[in-house]
There are 2 protein chains.
Amino acid sequence: MIHQRECPIETVIHVLGGKWKPMILWHLMESTKRYNDLEKLIPDVSQKMLTQHLRDLEQEGVIERTVYPTVPPKVEYSLSEYGRTLIPVAEVLCAWGENHNERKQEEPAS
Amino acid sequence: MIHQRECPIETVIHVLGGKWKPMILWHLMESTKRYNDLEKLIPDVSQKMLTQHLRDLEQEGVIERTVYPTVPPKVEYSLSEYGRTLIPVAEVLCAWGENHNERKQEEPAS
DNA sequence: TCACTCCCTTACTTTTAAGTATGTACCGTA
DNA sequence: TACGGTACATACTTAAAAGTAAGGGAGTGA
């Protein structure tokens with residue numbers, strides 16, 4: 001499992017590339033969110049996938065998980081210092097993606 | 001199937017996100033390549049996946065396929081004009097990915 | 001006539017990702 | 001005693017991506 005990823009692009013795709021990860025990050029880039037908030041903001045995600053993707057992102061170091069030992073429990077997720085380095089990357093991706101979507105709309109048949 | 005992709009980041013991941021697509025594009029960013037060249041440059045890819053990914057990339061408009069009706073046939077793949085707009089995107093991704101890989105090497109246990 | 005090269009195609013199997021459904025710990029309140 | 005709210009975990013199922021193996025057409029050289 002400790003395999004050096006060949007191409008750094010694949011690394012990024014691995015970090016961002018779950019079905020819901022871009023959307024999770026998108027919301028966390030705006031502000032810290034609780035687990036419940038994310039569930040509401042991303043209505044179609046299942047609890048399993050939300051938790052799993054949050055764990056993945058935490059493990060990659062891009063988000064932080066803070067537990068408040070209250071009752072009922074409160075868990076906050078936020079972009080880490082390091083995770084903020086993703087913001088300019090996300091902007092570049094967004095720009096290209098938006099442009100690409102427009103392009104595809106214009107010429108559905110090539 | 002004509003569903004507006006919600007997040008433009010997902011669009012990019014869709015375009016770049018096959019197992020071999022980043023490597024294919026990497027090689028085509030350097031220069032035009034024949035099918036055979038790509039097979040040799042990417043030893044572990046199967047013919048099926050290579051063909052399929054080339055078709056995908058062609059359909060997205062980022063690469064061009066040129067057939068020379070010679071015998072034996074000759075097929076060249078190259079980055080399209082539009083595909084070249086991916087180069088700066090790839091550079092940003094590479095930079096972040098490389099940094100991330102280094103980071104992971106330094107602190108395998110967090 | 002047979003083999004060879006190039007660029008695939010197709011059918012089938014395996015692996016990986018995602019979805020669904022249910023259960024749990026905590027404690028305070030009714 | 002049962003119930004509610006938060007943030008999960010676990011087992012099982014389905015769907016999507018990738019891998020494997022075999023074949024094919026078209027012309028050329030032996």
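In what follows, every chain begins at residue 1, and chains take the letters A, B, ... in the order their sequences are listed. In this text, all values refer to a predicted model and were calculated from it rather than measured experimentally.
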The nucleotide from dT9(C), dC8(D), dG19(C) with an atom nearest the side chain of Thr51(B) is dT9(C)
Nucleotide dA7(D), atom C1' - distance to CD of Glu58(A) in whole Å
13 Å
Among residues 63-75 of chain B, which contact DNA chain C at a heavy-atom distance under 4.0 Å?
Arg65(B), Pro72(B), Pro73(B), Lys74(B), Val75(B)
Starting at NZ of Lys48(B) and ending at P of dT14(C), how long is that distance when rounded to a whole Å?
14 Å
I want to confirm an ordering. Mapping Asp44(A) and Leu54(B) to their closest nucleotides on DNA chain C, which one lands closer to the 5' end?
Leu54(B)
Does OP1 or OP2 of dT5(C) have a side-chain N or O of Asn36(B) closer than 4.0 Å?
no
Salt bridge (charged side-chain N to carboxylate O under 4.0 Å, His left out) evaluation trace for Lys19(B) with Glu10(A)
CA-CA 8 Å; Lys19(B) 182 161 177 187; Glu10(A) 288 173 26; over 6 Å; no
Let me know the distance between NZ of Lys33(B) and P of dC7(C), rounded to the nearest Å.
14 Å
Cation-pi check, Lys33(B) to Tyr77(B): give yes when NZ or CZ is under 6.0 Å from the six-membered ring centre and within 45° of the ring axis, no otherwise.
no
Name the residue closer to the 5' end of DNA chain C, choosing between Tyr35(B) and Gln47(A) according to the nucleotide with the nearest heavy atom.
Tyr35(B)
Check whether any side-chain N or O of Arg34(A) sits under 4.0 Å from OP1 or OP2 of dT6(D), and answer yes or no.
no
Separation of dC8(D) P from Leu38(A) CG (nearest whole Å):
10 Å
For the pair made of CE in Met49(A) and P in dT20(C), what is the distance, rounded to whole Å?
11 Å
More 5' along DNA chain D: Lys19(B) or Arg55(A), using each one's nearest nucleotide?
Arg55(A)
Is there a side-chain polar atom (N or O) of His53(A) under 4.0 Å from OP1 or OP2 of dA18(C)?
yes
Would you mind telling me which of dT10(D), dG23(C), dG19(D) lies closest to the side-chain atoms of Trp20(B)?
dG19(D)
So, is the end of the Arg103(B) side chain (NZ or CZ) under 6.0 Å from the ring centre of Tyr82(A) and within 45° of the ring's axis?
yes
Nucleotide dT6(D), atom C1' - distance to NZ of Lys40(A) in whole Å
10 Å
Could you give the CG-to-P distance, from Leu50(A) to dA9(D), as a whole number of Å?
11 Å
Tell me the interatomic distance from Gln52(A), atom CD, to dA17(C), atom P, rounded to whole angstroms.
9 Å
Kindly determine whether Glu39(B) and Arg34(B) satisfy salt bridge (charged side-chain N to carboxylate O under 4.0 Å, His left out), including the steps that lead there.
CA-CA 9 Å; Glu39(B) 262 193 310; Arg34(B) 294 183 57 177; over 6 Å; no
